[in-house]
Amino acid sequence: MGRYGGDTPALDPRSWLAWGGAMTVPLLTGRHPIVLLELLFIVIVVRTVCLSGTSTGGWSWLVRIAIVAVPLGVFFNVMTVRAGTHVMATIPDSVPLISGPLTWNAAAYGIISGATIVTLVMVGTTVAAALNWSSLMRILPSRASSIAVAGSVALSFLPQLAHSWQDIREAQAARGHRWRGASDIVPVVVPLLAGGLDRAMTTAEALESRGFGSLGHDGQSRRRDSGLVAMLLTTLVVGLYLFATGQAMWALSALLLAALMLGMLVVFSRHIPHRRPTAYRESHWTRSDTVVTIVSVLAIAVTTIFLQVQPEMLRYDPYPYLVMPLTNPLLVGSLGLLMTPAVIATMRSIPEPMSESENRV
Amino acid sequence: MSVRNLWVFACVVTVASLAVLQPVSAQTPSPPVNAAGFLVDSGEGEPIYAVVSFSEESVSAIELIESSGLPVVSVSFGGLGKAVCSIAATGCDVSECQQRVCQTGDPDSPFWQFWRLSDDGIWSMAQLGASQSDVVDGSIDAWIWTGSEPSLPPLDWPELQAQTGAPEVAGSASMKSGPRSYLSNVSDDADNRSWRDQTATGAVLVVIIGVGAWILVRQRALHQARR
């Protein structure tokens, strides 16, 4: 059974990354309720279809925690922010510290913030569960392999922890362990810590036995490249921040500088022999990957343009007035295209009609 | 603390919170006796004229415009009072307003200027901020979105009343039915465009939800068929 759509072949990791990026950009750059609800609906559909028949990789508990955190966030926002014109109730002055009006504006802001977090977590966990990590490792250049390995180890930490937690709880329950108070956590946490340390040692030995971290080239060029990578990442992050805050020209300058550094890295790395890991089954770029990547890039481009030209279509502030947010059909429509992975998976899952000879048999 | 005790504690806290909360009571407004007017010029389209009645002897200019029904965004600067960030969707958002009251590094960049009409019909920029400027019966002010000195048209009460359709005498008995504001006809172009966009967005969303629902139904049917 495939990872994608049950019996259907998986999408290329680059397509999933592009889809994840396109879903994430509108959520990180603004909190618009209509865009937010649309993206939440899309990620639910894609998650339901593309991760059906497969385990979500132990990420579901993170989504549940995020959902539980929403009412808490709304409560704290209502209790701490007293701005807005739509008052729902007033705490009398006789109550110290928390007296004052409670507003629907604060509740709306809390709901939007909570829904944003839930959607971001769902997008991240969907991409993490759908990605074929070993394929991604093989695609990445050898220079980035150490970062990729560290990233995959870090990303697999939480799902492994969740699986271990579940296993240990079931094992202890079979031995008669019951939750009665805080002290009952010890029989579960101690094996969890021991198991975590054991897994860390195993992973370290496995990586070492495969030559992870060996020096592929001389120390001087390695130091130069490391410095360049650090500057590249810093410039990239600064550029993205400037872009998100609407300072397009400065952002463009920073991103061009980052592109220049990336070019220098590519030129410097030409003399290093490329060690491509072997695989029993090579992944191939399909037409579905092309379609998903194109719609993702299109969605990112449209979001970027709207962020600079009409940022109010992506941002919404319920203070001080709670008004209907402005929307644009072009933006909403282009983001709607991000449902493409689910559409492709559904089309692939439709059984082909039987031929006449098959019917006769 | 056991789970049951935790639930009991949560219930007690919830009940106590509800007990101390007071529902918002509808405040019965005292009948208005005064009225003042202002014009808003965003530099695009026709200026907006407004006449607003109020029951107090005087109100601040900020209070007057906020009670007019026009969408106004303002930020507080503590003891310095409030600054107007945007009126009728012209201006800047709160974060930008808090930095430079909508102005950029360019000294000619626009901001909401507050002007007052003297008794002898001469416009002059207000010496105090709008929070500190008192508006009394018959006052006329102007809010202009510009970075340079505006050329304001001559204005008087009959003109304001003609533009807004307000009763002839400011503070007359006919205006005592409650605090009211009378606005001149605001251009419908922006509203119409917004409605068109909202309708089109609604149609796009219906299509997206329809496709998503079809996918989910199809997926469920496939699951049932496999079983």
Side-chain angles (χ1 to χ4, degrees), chain A residues 5-7 34 37-38 41-42 44-46 48-49 52-53 75 79 83 85 87-92 94-95 98-99 101-102 179-182 245-246 311-313 315 317 319-321 323-339 342-343 345-347 349-351, chain B residues 1-6 13-14 16-25 27 66 70-76 82 85-86 89 92-96 190 193-223 225-226:
Chain A
D7 297 327
I34 291 175
L37 286 177
E38 183 190 10
F41 179 70
I42 289 172
I44 288 171
V45 173
V46 171
T48 307
V49 176
S52 71
F75 176 76
M79 295 305 288
T85 51
V87 178
M88 67 169 96
T90 304
I91 301 176
S94 55
V95 181
I98 57 169
S99 61
L102 308 179
W179 288 102
R180 287 181 296 271
T245 52
E312 66 273 15
M313 299 298 170
R315 292 177 180 153
D317 195 353
Y319 302 115
Y321 297 101
V323 293
M324 186 69 182
L326 297 169
T327 54
N328 187 289
L330 179 63
L331 176 69
V332 173
S334 63
L335 291 176
L337 293 175
L338 292 173
M339 209 185 280
V343 175
T346 308
M347 302 302 280
S349 303
I350 295 173
Chain B
M1 186 182 282
S2 69
V3 174
R4 190 180 168 187
N5 289 344
L6 205 61
V13 169
T14 308
S17 305
L18 291 173
V20 295
L21 293 179
Q22 290 178 346
V24 183
S25 57
Q27 294 175 348
E66 284 181 341
L70 285 171
V72 180
V73 176
S74 59
V75 289
S76 174
K82 281 183 170 180
C85 309
S86 81
C92 61
D93 59 23
V94 173
S95 58
E96 208 175 326
R193 199 168 56 242
S194 174
W195 266 111
R196 276 201 303 273
D197 282 352
Q198 304 278 24
T199 310
T201 304
V204 172
L205 281 174
V206 166
V207 171
I208 291 168
I209 291 169
V211 172
W214 174 78
I215 289 172
L216 291 176
V217 169
R218 180 89 208 167
Q219 186 70 16
R220 196 171 173 184
L222 279 171
H223 265 290
R226 279 179 189 146

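Lettering follows sequence order; numbering is per chain, from 1.
- Interface residue Ile34(A): only side-chain heavy atoms are found under 4.5 Å from chain B.
- Looking at residues two or more places apart in sequence or on another chain, you find a side chain to side chain contact (heavy atoms under 4.5 Å, CB included) between Leu330(A) and Phe306(A), Asn328(A).
- In this structure, OG1 on Thr48(A) lies 9.0 Å from NE2 on His223(B), to the nearest 0.5 angstrom.
- Only the side chain of Leu216(B) comes within less than 4.5 Å of a heavy atom of chain A; its backbone N, CA, C and O stay farther away.
- Taken from CE in Met339(A) to CD1 in Ile215(B), the straight-line distance is 5.5 Å, to the nearest 0.5 Å.
- Between Leu37(A) atom CG and Leu205(B) atom CG the span is 9.0 Å, to the nearest 0.5 Å.
- In terms of heavy-atom pairs under 4.5 angstrom with chain B, the leader among Ser94(A), Pro329(A), Gly336(A), Ser99(A) is Pro329(A).
- Of the atoms belonging to Val46(A), not a single heavy atom falls under 4.5 Å from chain B.
- When heavy atoms are compared at a cutoff of 4.5 Å, Pro325(A) approaches chain B solely by way of its backbone atoms N, CA, C and O.
- With a 4.5 Å cut-off on non-hydrogen atoms, Ala213(B) touches chain A through its backbone but not through its side chain.
- Every residue meeting the side-chain hydrogen bond (donor to acceptor under 3.5 Å, both in side chains) condition with Thr201(B), not counting sequence neighbours, appears here in chain and number order: Thr327(A).
- If you tally non-hydrogen atom pairs under 4.5 Å between each of Ile209(B), Val75(B), Val211(B), Val207(B) and chain A, the highest count goes to Ile209(B).
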